[in-house]
Amino acid sequence: MNKRERAAVMVERMKEQYGTEKTVYLHHDNAWQLLIAVIMSAQCTDARVNIVTKDLFKKYKSLQDFANADISELENDIKSIGFYKAKAKNIIGTAKRLVSVYDGQVPSDLESLLTLPGVGRKTANVIRGNIYDEPSVVVDTHVKRISQKMGLTANEDPEKIEYDLMKVLPKEAWILYNIHVIALGRSICIARSPKCEECFLKDICPSYKK
Ligand code: SF4
(Lines give C-alpha, C1' and ligand atoms only; values in the text may rest on other atoms or scores of the structure.)
Protein backbone atom coordinates (compact mmCIF):
# COMPACT_ATOMS: atom_id res chain seq x y z
CA MET A 1 0.00 0.00 0.00
CA ASN A 2 1.53 3.34 -0.99
CA LYS A 3 1.13 6.59 0.97
CA ARG A 4 -1.80 7.83 -1.08
CA GLU A 5 -3.69 4.55 -0.71
CA ARG A 6 -2.98 4.45 3.02
CA ALA A 7 -4.11 8.06 3.40
CA ALA A 8 -7.33 7.32 1.48
CA VAL A 9 -8.19 4.33 3.71
CA MET A 10 -7.34 6.35 6.82
CA VAL A 11 -9.61 9.20 5.69
CA GLU A 12 -12.52 6.84 4.99
CA ARG A 13 -12.21 5.06 8.32
CA MET A 14 -11.97 8.32 10.27
CA LYS A 15 -15.09 9.52 8.47
CA GLU A 16 -16.92 6.35 9.54
CA GLN A 17 -15.76 6.83 13.13
CA TYR A 18 -16.14 10.56 13.55
CA GLY A 19 -18.69 11.64 10.94
CA THR A 20 -18.50 14.57 8.56
CA GLU A 21 -19.33 17.48 10.81
CA LYS A 22 -16.74 20.25 11.03
CA THR A 23 -16.20 20.36 14.76
CA VAL A 24 -14.27 23.38 15.95
CA TYR A 25 -13.05 22.85 19.49
CA LEU A 26 -12.46 26.54 20.19
CA HIS A 27 -15.71 28.29 21.07
CA HIS A 28 -16.59 31.27 18.91
CA ASP A 29 -19.55 33.07 17.34
CA ASN A 30 -17.82 34.60 14.34
CA ALA A 31 -14.61 34.75 12.31
CA TRP A 32 -12.72 37.30 14.39
CA GLN A 33 -13.49 35.49 17.64
CA LEU A 34 -12.13 32.26 16.15
CA LEU A 35 -9.05 34.10 14.94
CA ILE A 36 -8.36 35.51 18.40
CA ALA A 37 -9.03 32.13 20.04
CA VAL A 38 -6.57 30.42 17.68
CA ILE A 39 -3.91 33.06 18.35
CA MET A 40 -4.40 32.35 22.05
CA SER A 41 -4.27 28.58 21.62
CA ALA A 42 -0.58 28.31 20.70
CA GLN A 43 1.12 26.10 23.32
CA CYS A 44 -2.13 25.99 25.29
CA THR A 45 -5.07 23.60 25.45
CA ASP A 46 -8.35 24.43 23.72
CA ALA A 47 -10.14 23.81 27.03
CA ARG A 48 -8.08 26.50 28.76
CA VAL A 49 -8.63 28.96 25.91
CA ASN A 50 -12.39 28.32 26.07
CA ILE A 51 -12.42 29.15 29.79
CA VAL A 52 -10.64 32.45 29.13
CA THR A 53 -12.62 33.48 26.03
CA LYS A 54 -15.94 32.90 27.82
CA ASP A 55 -15.40 36.10 29.81
CA LEU A 56 -13.07 37.79 27.35
CA PHE A 57 -15.65 37.95 24.54
CA LYS A 58 -18.21 39.36 26.98
CA LYS A 59 -15.83 42.15 27.94
CA TYR A 60 -14.49 42.88 24.44
CA LYS A 61 -17.56 42.72 22.25
CA SER A 62 -16.06 43.82 18.94
CA LEU A 63 -12.80 43.97 17.04
CA GLN A 64 -12.76 47.69 17.76
CA ASP A 65 -12.81 46.88 21.49
CA PHE A 66 -9.72 44.71 21.05
CA ALA A 67 -8.06 47.33 18.84
CA ASN A 68 -8.59 49.95 21.57
CA ALA A 69 -7.64 47.64 24.45
CA ASP A 70 -5.08 48.69 27.03
CA ILE A 71 -2.28 46.17 26.71
CA SER A 72 -1.67 45.73 30.45
CA GLU A 73 -5.36 45.17 31.05
CA LEU A 74 -5.59 42.62 28.21
CA GLU A 75 -2.48 40.85 29.53
CA ASN A 76 -4.20 40.60 32.87
CA ASP A 77 -7.40 39.29 31.26
CA ILE A 78 -5.56 36.43 29.54
CA LYS A 79 -2.76 35.82 32.01
CA SER A 80 -3.81 32.24 32.78
CA ILE A 81 -2.66 31.12 29.32
CA GLY A 82 0.96 30.67 28.29
CA PHE A 83 2.87 33.46 26.52
CA TYR A 84 0.11 35.88 27.44
CA LYS A 85 2.24 38.99 26.94
CA ALA A 86 3.14 38.17 23.33
CA LYS A 87 -0.40 37.01 22.67
CA ALA A 88 -1.95 40.22 24.07
CA LYS A 89 0.34 42.25 21.81
CA ASN A 90 -0.56 40.14 18.77
CA ILE A 91 -4.29 40.27 19.49
CA ILE A 92 -4.25 44.06 19.66
CA GLY A 93 -2.04 44.27 16.55
CA THR A 94 -4.28 41.91 14.61
CA ALA A 95 -7.47 43.71 15.67
CA LYS A 96 -5.96 47.08 14.68
CA ARG A 97 -4.92 45.78 11.25
CA LEU A 98 -8.29 44.12 10.62
CA VAL A 99 -10.09 47.34 11.48
CA SER A 100 -7.78 49.68 9.56
CA VAL A 101 -6.89 47.60 6.48
CA TYR A 102 -9.65 45.03 6.09
CA ASP A 103 -12.69 47.05 7.10
CA GLY A 104 -13.24 44.92 10.18
CA GLN A 105 -13.47 41.68 8.17
CA VAL A 106 -11.24 38.63 8.50
CA PRO A 107 -9.71 37.98 5.05
CA SER A 108 -9.96 34.52 3.50
CA ASP A 109 -6.74 34.43 1.52
CA LEU A 110 -3.57 33.02 2.99
CA GLU A 111 -1.38 35.93 1.92
CA SER A 112 -3.51 38.53 3.73
CA LEU A 113 -4.00 36.37 6.81
CA LEU A 114 -0.24 35.90 7.13
CA THR A 115 0.27 39.69 7.39
CA LEU A 116 -1.61 39.71 10.72
CA PRO A 117 0.55 39.70 13.87
CA GLY A 118 0.65 36.27 15.54
CA VAL A 119 -0.95 34.55 12.55
CA GLY A 120 1.06 31.73 11.00
CA ARG A 121 0.04 29.09 8.49
CA LYS A 122 -1.72 26.95 11.10
CA THR A 123 -3.95 29.79 12.31
CA ALA A 124 -4.56 31.00 8.75
CA ASN A 125 -5.58 27.51 7.62
CA VAL A 126 -7.96 27.07 10.56
CA ILE A 127 -9.74 30.23 9.43
CA ARG A 128 -9.70 29.31 5.74
CA GLY A 129 -11.07 25.83 6.33
CA ASN A 130 -13.54 26.41 9.12
CA ILE A 131 -14.86 29.85 8.28
CA TYR A 132 -14.53 30.01 4.49
CA ASP A 133 -14.62 26.32 3.54
CA GLU A 134 -11.41 26.73 1.56
CA PRO A 135 -9.53 23.42 1.29
CA SER A 136 -6.59 23.72 3.67
CA VAL A 137 -4.54 21.38 5.83
CA VAL A 138 -4.02 22.45 9.44
CA VAL A 139 -0.84 21.03 10.94
CA ASP A 140 -1.02 20.99 14.72
CA THR A 141 0.69 18.73 17.24
CA HIS A 142 -1.75 15.81 16.68
CA VAL A 143 -1.54 16.06 12.89
CA LYS A 144 2.25 16.17 13.00
CA ARG A 145 2.63 13.19 15.31
CA ILE A 146 -0.04 10.94 13.82
CA SER A 147 0.84 11.72 10.18
CA GLN A 148 4.42 10.72 11.00
CA LYS A 149 3.23 7.52 12.69
CA MET A 150 1.07 6.70 9.68
CA GLY A 151 4.08 7.20 7.42
CA LEU A 152 2.49 10.07 5.51
CA THR A 153 5.40 12.40 6.19
CA ALA A 154 8.93 12.11 7.50
CA ASN A 155 9.33 15.84 8.00
CA GLU A 156 9.45 17.80 11.27
CA ASP A 157 8.77 21.26 9.90
CA PRO A 158 4.99 22.00 9.93
CA GLU A 159 5.07 23.77 6.56
CA LYS A 160 6.81 20.80 4.91
CA ILE A 161 4.32 18.44 6.58
CA GLU A 162 1.48 20.55 5.20
CA TYR A 163 2.85 20.16 1.66
CA ASP A 164 3.44 16.41 2.16
CA LEU A 165 -0.15 15.96 3.30
CA MET A 166 -1.54 18.02 0.43
CA LYS A 167 0.20 15.57 -1.92
CA VAL A 168 -1.23 12.39 -0.37
CA LEU A 169 -4.66 13.36 1.03
CA PRO A 170 -7.69 13.69 -1.25
CA LYS A 171 -8.41 17.43 -1.49
CA GLU A 172 -11.98 17.02 -0.28
CA ALA A 173 -10.58 15.55 2.96
CA TRP A 174 -8.17 18.37 3.81
CA ILE A 175 -10.42 20.28 6.22
CA LEU A 176 -11.78 17.28 8.10
CA TYR A 177 -8.37 15.60 8.37
CA ASN A 178 -7.25 17.89 11.20
CA ILE A 179 -10.58 17.61 13.02
CA HIS A 180 -10.59 13.80 12.77
CA VAL A 181 -6.93 13.40 13.70
CA ILE A 182 -7.47 15.52 16.83
CA ALA A 183 -10.31 13.15 17.81
CA LEU A 184 -8.06 10.15 17.16
CA GLY A 185 -5.14 11.70 19.06
CA ARG A 186 -7.28 12.47 22.09
CA SER A 187 -8.99 9.10 22.34
CA ILE A 188 -6.87 6.31 20.81
CA CYS A 189 -3.53 7.41 19.39
CA ILE A 190 -2.65 9.22 22.61
CA ALA A 191 0.87 10.70 22.58
CA ARG A 192 2.22 8.97 25.69
CA SER A 193 0.36 5.68 25.39
CA PRO A 194 -1.29 4.90 22.05
CA LYS A 195 -4.00 2.26 22.37
CA CYS A 196 -2.86 0.37 19.28
CA GLU A 197 -4.87 -2.74 20.08
CA GLU A 198 -8.13 -0.76 20.00
CA CYS A 199 -7.20 1.31 16.97
CA PHE A 200 -9.28 1.11 13.77
CA LEU A 201 -6.12 1.85 11.77
CA LYS A 202 -3.92 -0.87 13.24
CA ASP A 203 -3.86 -3.03 10.10
CA ILE A 204 -2.54 -0.18 7.94
CA CYS A 205 -0.40 1.69 10.49
CA PRO A 206 3.38 1.31 10.05
CA SER A 207 3.81 2.28 13.74
CA TYR A 208 1.40 -0.30 15.17
CA LYS A 209 2.76 -1.27 18.61
CA LYS A 210 6.12 0.39 17.94
S1 SF4 B 1 -2.07 1.73 15.38
FE2 SF4 B 1 -1.20 2.69 17.22
S3 SF4 B 1 0.33 4.14 16.46
FE4 SF4 B 1 -0.95 3.56 14.71
S5 SF4 B 1 -2.50 5.17 14.60
FE6 SF4 B 1 -3.35 3.49 15.82
S7 SF4 B 1 -2.88 4.01 17.95
FE8 SF4 B 1 -1.59 5.29 16.63
Side-chain angles (χ1 to χ4, degrees), residues 1-28 34 37-51 81-83 110 119-210:
M1 194 180 263
N2 65 31
K3 280 186 199 176
R4 242 182 227 160
E5 290 164 343
R6 198 179 317 124
V9 175
M10 181 184 179
V11 160
E12 277 313 306
R13 291 200 192 159
M14 291 197 299
K15 216 194 281 175
E16 281 163 26
Q17 287 287 324
Y18 304 123
T20 52
E21 201 180 324
K22 277 198 298 179
T23 310
V24 182
Y25 298 98
L26 291 165
H27 300 164
H28 64 283
L34 180 59
V38 184
I39 291 173
M40 288 170 61
S41 73
Q43 318 269 339
C44 183
T45 64
D46 291 350
R48 165 61 47 195
V49 172
N50 286 338
I51 291 170
I81 61 165
F83 306 102
L110 195 59
V119 175
R121 293 185 73 88
K122 182 192 136 190
T123 303
N125 282 329
V126 170
I127 296 298
R128 281 167 51 74
N130 292 289
I131 299 292
Y132 296 113
D133 244 337
E134 295 280 351
S136 41
V137 178
V138 175
V139 179
D140 63 10
T141 169
H142 292 289
V143 167
K144 177 179 174 181
R145 180 173 57 81
I146 293 176
S147 302
Q148 288 170 337
K149 278 183 176 289
M150 287 297 295
L152 304 182
T153 180
N155 277 307
E156 289 294 325
D157 175 58
E159 190 169 338
K160 289 185 180 154
I161 295 172
E162 186 186 324
Y163 289 123
D164 287 344
L165 292 174
M166 287 195 285
K167 275 186 222 143
V168 297
L169 290 170
K171 197 166 185 179
E172 61 277 11
W174 288 5
I175 298 174
L176 278 177
Y177 183 75
N178 167 263
I179 294 163
H180 286 168
V181 169
I182 291 174
L184 177 67
R186 287 179 176 171
S187 58
I188 299 174
C189 193
I190 297 160
R192 276 187 220 139
S193 51
K195 300 177 189 168
C196 290
E197 214 42 75
E198 292 175 27
C199 184
F200 56 87
L201 299 172
K202 64 183 176 190
D203 58 319
I204 57 162
C205 177
S207 308
Y208 172 58
K209 283 195 168 176
K210 275 187 196 157

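Here the structure is a predicted model, which is why all the values come from computation and not from measurement. We count residues from 1, following the sequence as given. Each ligand, and each atom within it, is numbered from 1 in the order the structure gives.
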Metal environment of atom 8 (Fe) of ligand 1, protein N/O/S under 2.8 Å: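 The answer is C189 SG.
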Y208 atom OH, neighbour heavy-atom count above 12 within 6.0 Å: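 Yes - once you tally the heavy atoms of other residues, nucleotides and ligands closer than 6.0 Å, there are more than 12.
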More than 12 heavy atoms from other groups under 6.0 Å of NZ on K22: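 It does: K22 NZ has more than 12 such atoms within range.
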So, S147 versus Y177: side-chain donor-acceptor pair below 3.5 Å or not?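 Note: S147 and Y177 side chains meet the donor-acceptor criterion.
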Roughly how far, to the nearest 0.5 Å, is CD1 of I179 from CD of E21?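 Spacing of CD (E21) from CD1 (I179) equals 9.0 Å.
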Classify the ring geometry between F200 and Y18 as parallel (under 30°), tilted (30 to 60°) or perpendicular (over 60°).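 Perpendicular.
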Begin with the C-alpha distance, continue with both residues' side-chain angles, and end with the deciding distance and a verdict on side chain to side chain contact (heavy atoms under 4.5 Å, CB included) for L165 and L152. CA-CA 7 Å; L165 292 174; L152 304 182; 4.0 Å; yes
